[in-house]
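Note that the coordinates shown come from a computational prediction; the quantities given were computed from them, not determined experimentally. Only this structure's heavy atoms are used, side chains among them; waters, hydrogens and symmetry mates stay out.
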Amino acid sequence: MKKLAGRIAVITGAASGIGRGIAVAFAREGAHIVVADRVDESAAAAVLSEIAEAGTRGLFVRTDVSDEANVRHMADVALREFGRVDILVNNAGIFTESLLEDISVEDWDRVVNTNLRGTFLCTRVLIGQMLARRDGRIINIASQLGQIGGTSVPHYVASKAGVIGLTKALAREVADRGVLVNAVAPGPIETPLLDSETEAWRRAKLAQLPIGRFGRVDEVTPTAVLLASADGSYYVGQTLGPNGG
């Protein structure tokens, strides 16, 4: 029996990177996937193809997670097409580098609104039907930087630390009502997001890693499968860290 057979999962930012990896891993375990991403549908064709190859249904809904109306539309489409959402993975995120004294208010807001506000909006719009059924999993993709900090990324660190705090608070609110909320805080993973960092930053980060290399997406996805499945039934408010040390 596949671990997620028949489950319905919404995954934000699922057209590429870690989100795409989680979408495919969930599909291979039997889940139907709503790919919620701000890109054009053509950019999601590859992940939708992989979901179909796994034998489950994939549905693309163009979504800006920082926009409340966009998020409500995404949830309406998902619930209309599938009737329920069992698993929400708040993965959509953006990254920019800047010292705090140089960050514009617009850049601060753009990062925080996508990474933290987006997690809040998507959770708020879908958690009600989970609570009504006393069944649901919410997995928030944070970052190792939200735990340890980092130079030249204070807005990103603040947003991901906020995601970790939100995870802990919400888990306490809803665990006894059948919804389990946890986070995954990866270290640096080879994705398009990592490609946006400067070469100097990459060299410095690599020198800090005991394992001596950046991670792969397929080294993160098993943690998400664990938290989404029956195997993760006793994880509440946790932040799991596939981070290479």
Q.
If hydrophobic clusters are built from ILVMFWY residues whose side chains come within less than 4.5 Å, do V77 and I51 share one?
A. no

Q | Rounded distance (nearest 0.5 Å) linking atom CD of E173 with atom CG of L166 | A | 8.5 Å

Q.
With a 3.5 Å distance limit and no angle check, can you tell me whether D86 reaches the backbone of A9 through a side-chain donor-acceptor pair?
A. no

Q. Between N182 and G237, is there a donor-acceptor pair closer than 3.5 Å when you use the side chain of the first and the backbone of the second?
A. yes

Q. Between the main-chain N or O of D176 and the side-chain N or O of R134, is there a donor-acceptor pair closer than 3.5 Å?
A. yes

**Q.** Check: T63 side chain, V61 main-chain N or O, donor-acceptor pair, under 3.5 Å
**A.** yes

Q. Mind checking whether V85 and Q129 have side chains closer than 4.5 Å, heavy atoms only?
A. yes

Q | Hydrophobic cluster membership, L116 vs I94, 4.5 Å side-chain cutoff | A | no

**Q.** Step-by-step salt bridge (charged side-chain N to carboxylate O under 4.0 Å, His left out) determination, D67 to R72
**A.** CA-CA 9 Å; D67 182 271; R72 288 192 178 278; over 6 Å; no

Q.
Nearest 0.5 angstrom please: I148 CD1 to S143 OG, how far?
A. 8.0 Å

Q: Would you list the pairs meeting ring-ring contact (aromatic ring centres under 6.0 Å, His included) in which at least one residue belongs to residues 16-65, sequence neighbours left out?
A: none

**Q.** Contact check, side chains of R117 and V112, non-hydrogen atoms, under 4.5 Å
**A.** no

**Q.** Polar side-chain atom of N243 near backbone of Q144 as donor-acceptor pair, under 3.5 Å
**A.** no

**Q.** Straight-line distance of Q208 CD to I211 CD1, nearest 0.5 Å
**A.** 15.0 Å

Q: Please name the pair of heavy atoms, one in P242 and one in T223, separated by the smallest distance, quoted to 0.1 Å.
A: CG-OG1, 4.2 Å

Q.
Donor-acceptor check, side chain of E81 to backbone of A78, threshold 3.5 angstrom: yes or no?
A. no

Q) Looking only at atom types and distance, does a side-chain atom of Q238 sit under 3.5 Å from a main-chain N or O of Y235, one as donor and one as acceptor? A) no

Q) Any salt bridge (charged side-chain N to carboxylate O under 4.0 Å, His left out) pairs touching residues 19-33, not counting sequence neighbours? A) R20-E50

Q) Any link between I8 and I33 through a network of hydrophobic side chains (Ile, Leu, Val, Met, Phe, Trp, Tyr) touching at under 4.5 Å? A) no

Q. Which atom names give the shortest non-hydrogen contact between L126 and A75, and what distance separates them?
A. CD2-CB, 3.8 Å

Q: Apply side chain to side chain contact (heavy atoms under 4.5 Å, CB included) to V35 and L59, showing your working.
A: CA-CA 6 Å; V35 175; L59 173 68; over 6 Å; no

Q: Would you indicate whether the side-chain heavy atoms of E106 and V111 approach each other to under 4.5 Å?
A: no

Q | Stepwise side chain to side chain contact (heavy atoms under 4.5 Å, CB included) test for N70 and V65 | A | CA-CA 7 Å; N70 257 227; V65 298; over 6 Å; no

Q: Provide the closest heavy-atom pair for P210 versus G244 in the form atom of the first, atom of the second, distance.
A: CD-O, 3.4 Å

Q) Does a side chain donor of either N140 or T119 reach within less than 3.5 Å of an acceptor in the other side chain? A) no

Q | Test applied, side-chain contact (heavy atoms from CB on, under 4.5 Å); reference residue, I22; option that passes from V184, V217, V89, V47 | A | V89

Q: Could you tell me whether the side chain of L121 reaches within less than 4.5 Å of the side chain of S66, counting heavy atoms only?
A: no

Q. Rounded to the nearest 0.5 Å, what separation is found between the CD1 atom of I164 and the OG1 atom of T239?
A. 5.0 Å

**Q.** Residue pairs, two or more places apart or on separate chains, that pass salt bridge (charged side-chain N to carboxylate O under 4.0 Å, His left out) and touch residues 32-43
**A.** D40-R62

Q) Tell me the ring-ring contact (aromatic ring centres under 6.0 Å, His included) pairs involving residues 140-185, sequence neighbours left out? A) F95-Y156

(Q) Under a 3.5 Å distance rule, please check whether S159 uses its side chain to pair with a backbone N or O of N115 as donor and acceptor. (A) no

Q: Start with the C-alpha gap between R213 and E190, add the side-chain angles, then the distance that decides, and say whether salt bridge (charged side-chain N to carboxylate O under 4.0 Å, His left out) holds.
A: CA-CA 10 Å; R213 63 175 176 82; E190 291 285 4; over 6 Å; no

Q. Would a 4.5 Å heavy-atom cut-off, applied to side chains only, mark S16 and T191 as touching?
A. no

(Q) Using the side-chain contact (heavy atoms from CB on, under 4.5 Å) definition, which of the options L180, I138, I87 pairs with M130? (A) I138

Q. Taking atom CG of L227 and atom CG of L240, what is their separation to the nearest 0.5 Å?
A. 5.0 Å

Q) With a 4.5 Å limit on heavy-atom distance, are the side chains of T123 and N90 in contact? A) yes

Q. Can the positive tip of R57 be found less than 6.0 Å from the middle of the six-membered ring of F82, inside 45° of the ring normal?
A. yes

Q) Applying salt bridge (charged side-chain N to carboxylate O under 4.0 Å, His left out), which residue pairs with at least one partner in residues 150-172 are found, sequence neighbours left out? A) none

Q: Could you state whether V34 and V39 fall into the same hydrophobic cluster, counting links through intermediate Ile, Leu, Val, Met, Phe, Trp or Tyr residues with side-chain heavy atoms under 4.5 angstrom apart?
A: no

**Q.** Side chain proximity check, I139 to L88, heavy atoms < 4.5 angstrom
**A.** no

Q. For residues 202-224, which residue pairs qualify under ring-ring contact (aromatic ring centres under 6.0 Å, His included), counting only residues two or more places apart or in two chains?
A. none

Q. Picking from D107, T114, N113, what satisfies side chain to side chain donor-acceptor pair (under 3.5 Å) with R110?
A. D107

Q. Given side chains that start at C-beta, do those of L131 and V174 come closer than 4.5 Å, heavy atoms only?
A. yes

(Q) Under a 3.5 Å distance rule, please check whether S229 uses its side chain to pair with a backbone N or O of V225 as donor and acceptor. (A) yes

